[in-house]
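Contents: one structure, followed by commentary.
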Amino acid sequence: MMLLDIDSLARKPFDFPKEDLGFYPRFYEEKQIKKVFGTIFYVTKKRIKLIEKLKNCILSYPLQWYTEQFALYETLKDETEYFKFDDNFVDGDAREDGSDFKDNSPIWTGKGRIKWKHPQYLELFEYWKNKFQENFPEGEKK
């Protein structure tokens, strides 16, 4: 299973990790919400118990912005064996506004209002929105 932030867009094919767990750690960050970049999280059936732990952790926090970031950090902070997604895989790690979309990144993550002014992001957003509507027409009504 692979989870992406709602404003993350897949741009081109990529190989899934061979490891059973993958995420984007930034344990060096001072702010807890930045210690695990929530844009991308990957887990196989062998590590599926982490999902239950993550779910319980999310439910233990008040429902607010960045709850999943706190929960990801709490769930993953003691993990030692994982695939580390890096800047070459996903765009958006240290920037707050997401204004520097990298051409080589398989996944773009839009941050802040700037994403709605970026023509390539908007074009890709429309592409995936149309794909979703084609495959799940009932989804638009919910």
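Heads up: numbering here begins at 1 and tracks the sequence.
Between P25 and Y82 there is a side-chain heavy-atom pair separated by less than 4.5 Å. The shortest side-chain heavy-atom distance between Y24 and F41 does not fall under the 4.5 Å cut-off. For the pair R26/K34, a side-chain contact is recorded, criterion being any heavy-atom separation below 4.5 Å from C-beta on. Contact annotation: the side chain of L21 never approaches that of F83 to less than 4.5 Å [non-hydrogen atoms, C-beta and beyond].
Contact detail for K115 and Y121: the closest heavy-atom pair is O-CD2, 3.4 Å. When all heavy atoms of V43 and I48 are compared, the pair lying nearest together is CG2-N, 4.2 Å. Across K102 and R11, no two heavy atoms sit closer than the pair O-NH1, 3.6 Å. Heavy atoms only, all atoms of each residue included: F14 and P106 are closest at CD2-CB, 4.0 Å.
F16 and Y42 have their aromatic ring centers within a separation under 6.0 angstrom. A ring-centre distance under 6.0 Å is not found for F85 and F23.
Sorted by first and then second residue, the salt bridge (Lys or Arg N to Asp or Glu O under 4.0 Å) pairs with a member in residues 42-54 read R47-E79, E52-K55; sequence neighbours excluded. Listed by first then second residue, pairs satisfying salt bridge (Lys or Arg N to Asp or Glu O under 4.0 Å) with a partner in residues 58-71 number zero, not counting sequence neighbours.
Although no hydrogens or angles enter the test, the distance criterion places no donor-acceptor pair under 3.5 Å between the side chain of K77 and the main chain of K35. Panel note: side chain S8, backbone L4; no donor-acceptor pair is recorded below 3.5 Å. A side-chain donor-acceptor contact under 3.5 Å links T67 to the backbone of P62.
Atom CG of D86 is separated from atom OG of S105 by 9.5 Å, given to the nearest 0.5 angstrom. To the nearest 0.5 Å, atoms NE2 (H118) and CD (E123) are separated by 11.0 Å. Rounded to the nearest 0.5 Å, atoms CG (L54) and CG (L59) are 9.5 Å apart.
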